[in-house]
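This is a predicted model, so every value here is computed, not measured.
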Amino acid sequence: MKYSELEKKLKKAGCYEDGVMGGHPLWYSPITDKYIKMSHHKNQEVATGTLKSIIKDSGIKF
């Protein structure tokens, strides 16, 4: 999955971009009340471990 596709799924679940941390976009998930670090590389594939972590922290389901 590419970062651009992941961002669409996060937006659909109610998550939103909420600033920058260490040069990475910071997203907030109201589902889990957690912040998620993303990447600026929209066309790059998300690493498997990173994707699992983002899914867990965001509370979204696939």
Side-chain angles (χ1 to χ4, degrees):
M1 174 180 293
K2 295 182 186 232
Y3 277 101
S4 58
E5 296 169 17
L6 180 57
E7 285 184 7
K8 287 177 188 175
K9 290 189 182 286
L10 288 172
K11 284 181 184 179
K12 189 174 179 181
C15 301
Y16 55 90
E17 198 168 343
D18 192 32
V20 178
M21 180 178 184
H24 294 276
L26 194 62
W27 283 67
Y28 175 74
S29 171
I31 299 167
T32 60
D33 196 35
K34 290 186 179 182
Y35 287 91
I36 306 149
K37 270 200 240 181
M38 292 287 284
S39 173
H40 290 290
H41 305 287
K42 307 275 187 206
N43 292 326
Q44 188 177 32
E45 291 288 322
V46 183
T48 305
T50 304
L51 181 60
K52 286 180 182 179
S53 176
I54 291 171
I55 290 170
K56 178 182 173 189
D57 288 345
S58 68
I60 61 174
K61 305 217 180 200
F62 283 86

Does a side-chain heavy-atom distance below 4.5 Å link [X] with [Y]?
X	Y	answer
Leu26	Lys37	yes
Ile36	Tyr28	no
Met1	Leu51	yes

- Query: For residues Asn43 and Tyr3, is any side-chain donor paired with an opposing acceptor at under 3.5 Å?
  - Reply: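 No, because no side-chain N or O of Asn43 sits under 3.5 Å from a partner of the opposite role on Tyr3.
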- Query: Could you walk me through whether Tyr35 and Asp57 pass the side-chain hydrogen bond (donor to acceptor under 3.5 Å, both in side chains) check?
  - Reply: CA-CA 8 Å; Tyr35 287 91; Asp57 288 345; over 6 Å; no
- Partner of Ser58 under side-chain contact (heavy atoms from CB on, under 4.5 Å), chosen from Ile31, Leu10, Leu6: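 Result for side-chain contact (heavy atoms from CB on, under 4.5 Å) with Ser58: Leu10.
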- Straight-line distance of Met38 CE to Cys15 SG, nearest 0.5 Å: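 So the gap between those two atoms works out to 9.5 Å.
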- Query: About how many Å separate CD of Glu5 and NZ of Lys9, when rounded to the nearest 0.5 Å?
  - Reply: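 That separation rounds to 7.5 Å.
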- State plainly whether the residues Lys42 and Glu7 are in salt-bridge range, i.e. N to O under 4.0 Å.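 Yes.
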- Task: Provide the closest heavy-atom pair for Ala13 versus Ile60 in the form atom of the first, atom of the second, distance.
- Result: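 That closest heavy-atom pairing would be CB-CG2, 3.3 Å.
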- Shortest non-hydrogen contact from His24 toward Ser39: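 Shortest heavy-atom contact: ND1-CA, 4.4 Å.
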